[in-house]
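Since the structure comes first, as structure tokens, the remarks are kept for the end.
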Amino acid sequence: MENVADAQPLFRDKRRRAWELDFLRGVAVIAMCFDHLMWDFYYAGQYWFSNFKQINNEFINKCNEFALAYLRTYESRGFRFFAHEIFVFLFLFLVGVSCAFSRDNAKRGARLAVVALMFTGVSFILKSFGVFDDGIIMGILHCIALSIICAAAIDKLTEFDKNLNTYMPLVLGVIVFEAGIFCSYWDVPLDPEFDASHLVDYIMGAKMFGDDYFGLFPYVGIVLIGMYWGKAAYPTKSSLVPRLGGKWNTPFNFVGRHALIMYLVHQVVIAGLVIILCLCLGYRF
């Protein structure tokens, strides 16, 4: 007899949806939006407006000063450094959990790869207007897309044995994550200019180039670990804590359910609001 959980997969039945995963994904996306808002206030003062110092608006100045202080905590291994690593880990871990729920990771990964390549093209167009420094070659979308494809391949190769199918992502994930951390993650060479001969290095994480850089090592390891957790902790693809869900988490859940759309549009919306606010206060390009 067909299992009801298999017949009604998690992401097609809102009544059975694991709200806690949407909630955590929403928290990670909102944290990303705050981080990018800080970058926008920083860029507003440093690059976007030619008369920034002449206007001297107290509110915008405070936002710019706070953003600068916040961003500096990354270089000093302070709050932003640890918050960034925690939320990146959380987001990619949840990508892996989603892989355990999906019926066709290969298709999901391929579709996202197309979106990521389009995003690369847009980033280089925006680079010509000074929005990006170097464009995006291997950003978070590229990393997620390739990680999902890797997860699909592992799932396919191990489908003949249930235990192997469950634990292989964990074993490979830990190996890849540790290899990325100890071999390259903390000391990745930065290419000042794009070099096509280094493309594989950019993808794997052996060399760095561009904005929003996320090489596969160590990040694909996080996705694979999350995939294991999804298989082991959510065998019925339903919430582990249904009684705690409610209206209080609706905004976070909404963001989490639409994470890809939020990622694609959030920077345009946030930067646009900052620019409009500044223009209304008399700032000019």
Side-chain angles (χ1 to χ4, degrees), residues 3-13 16-29 31 84-113 140-185 203-205 214-242 244 253 256-257 259-260:
N3 189 300
V4 176
D6 294 333
Q8 299 180 351
L10 174 69
F11 290 113
R12 297 185 183 183
D13 188 347
R16 301 178 60 255
R17 193 174 180 105
W19 69 267
E20 65 270 21
L21 301 180
D22 287 333
F23 174 79
L24 291 172
R25 191 182 297 108
V27 170
V29 171
H84 178 269
E85 300 304 319
I86 290 171
F87 284 111
V88 166
F89 186 97
L90 175 62
F91 190 75
L92 293 176
F93 180 85
L94 293 172
V95 168
V97 175
S98 298
C99 287
F101 295 160
S102 175
R103 286 183 170 182
D104 196 341
N105 283 312
K107 183 182 292 186
R108 288 177 61 234
R111 287 176 176 174
L112 187 57
I140 189 66
L141 287 182
H142 305 73
C143 180
I144 291 174
L146 292 179
S147 296
I148 293 175
I149 292 172
C150 289
I154 293 171
D155 215 25
K156 185 67 176 178
L157 292 172
T158 60
E159 64 181 357
F160 63 89
D161 185 280
K162 183 178 180 180
N163 288 329
L164 190 64
N165 186 260
T166 299
Y167 291 102
M168 184 59 73
L170 175 63
V171 174
L172 293 179
V174 171
I175 291 173
V176 170
F177 182 73
E178 291 187 352
I181 290 292
F182 292 109
C183 295
S184 64
Y185 178 65
I203 294 173
M204 299 305 293
F214 288 88
L216 284 182
F217 284 78
Y219 297 109
V220 66
I222 301 174
V223 174
L224 295 179
I225 294 171
M227 183 180 182
Y228 157 75
W229 179 256
K231 290 175 177 290
Y234 291 90
T236 62
K237 297 181 171 62
S238 57
S239 175
L240 298 180
V241 285
L244 297 181
N253 289 3
R257 284 197 300 269
L260 177 59

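All values reported here derive from a predicted model rather than from experimental measurement.
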Determine whether Ile140 and Leu92 make a side-chain contact, defined as any pair of heavy atoms from C-beta on separated by less than 4.5 Å.
-> yes
Asn105 side chain to Ile149 main-chain N or O, any donor-acceptor pair under 3.5 Å?
-> no
Rounded to the nearest 0.5 angstrom, the NE2-CD1 distance for His84 and Ile86 is 11.5 Å
For Ala113 and Ala145 the tightest heavy-atom approach is N-CB, 3.5 Å
Run the numbers on Arg108 and Ser98 for side chain to side chain donor-acceptor pair (under 3.5 Å), then give the verdict.
CA-CA 11 Å; Arg108 288 177 61 234; Ser98 298; 5.0 Å; no
In this structure, OG1 of Thr166 is separated from CE of Met227 (nearest 0.5 Å) by 9.5 Å
query: What is the ring orientation for Trp229 with Phe93, classed by angle as parallel under 30°, tilted 30 to 60°, or perpendicular over 60°?
result: tilted
Rounded to the nearest 0.5 Å, the CZ atom of Arg111 sits from the CG atom of Asp104 at a distance of 8.0 Å
Residues at least two apart in sequence or cross-chain that pass side-chain hydrogen bond (donor to acceptor under 3.5 Å, both in side chains) with Asp155, listed by chain then number, are Asn165, Lys231
The side chain to side chain contact (heavy atoms under 4.5 Å, CB included) partners of Leu164 (sequence neighbours excluded) come to Thr158, Phe160, Asp161, Met168
Between Ser147 and the options Val176, Leu216, Val95, the side chain to side chain contact (heavy atoms under 4.5 Å, CB included) test singles out Leu216
Heavy-atom nearest pair, Cys150 first then Val220, reads CB-CG2, 4.2 Å
* Asked: Can you check whether Phe214 reaches Leu141 side chain to side chain, under 4.5 Å on heavy atoms?
  -> no
Shortest non-hydrogen pair, Gly215 vs Cys143, comes out as O-SG, 4.0 Å
By side chain to side chain contact (heavy atoms under 4.5 Å, CB included), Val174 pairs with (sequence neighbours left out) Leu170, Glu178, Ile225
For Ala28 and Phe87, the nearest pair of non-hydrogen atoms, with its separation, is CA-CD2, 3.9 Å
Heavy-atom check, side chain of Leu260 versus side chain of Leu112, under 4.5 Å: yes
In terms of heavy-atom contacts, Gly173 and Leu224 come closest through CA-CB, 3.7 Å
Rounded to the nearest 0.5 angstrom, the CG-CD distance for Leu94 and Glu20 is 10.0 Å
Heavy-atom count check: over 12 atoms from other residues, nucleotides or ligands less than 6.0 Å from Tyr167 OH?
no
The reported gap from CD in Glu159 to CG in Leu157 (rounded to nearest 0.5 angstrom) is 8.5 Å
Taken to the nearest 0.5 Å, the spacing of Phe91 CZ from Leu24 CG works out to 12.0 Å
Task: Phe101 side chain near Leu21 side chain, heavy-atom distance below 4.5 Å - done: yes
- Message: When you measure from the side chain of Trp19 to the backbone of Leu244, do you find a donor-acceptor pair of N or O atoms at a distance under 3.5 Å?
- Response: no
When every non-hydrogen atom of Gly230 is compared with those of Val97, the smallest separation belongs to CA-CG1, 4.0 Å
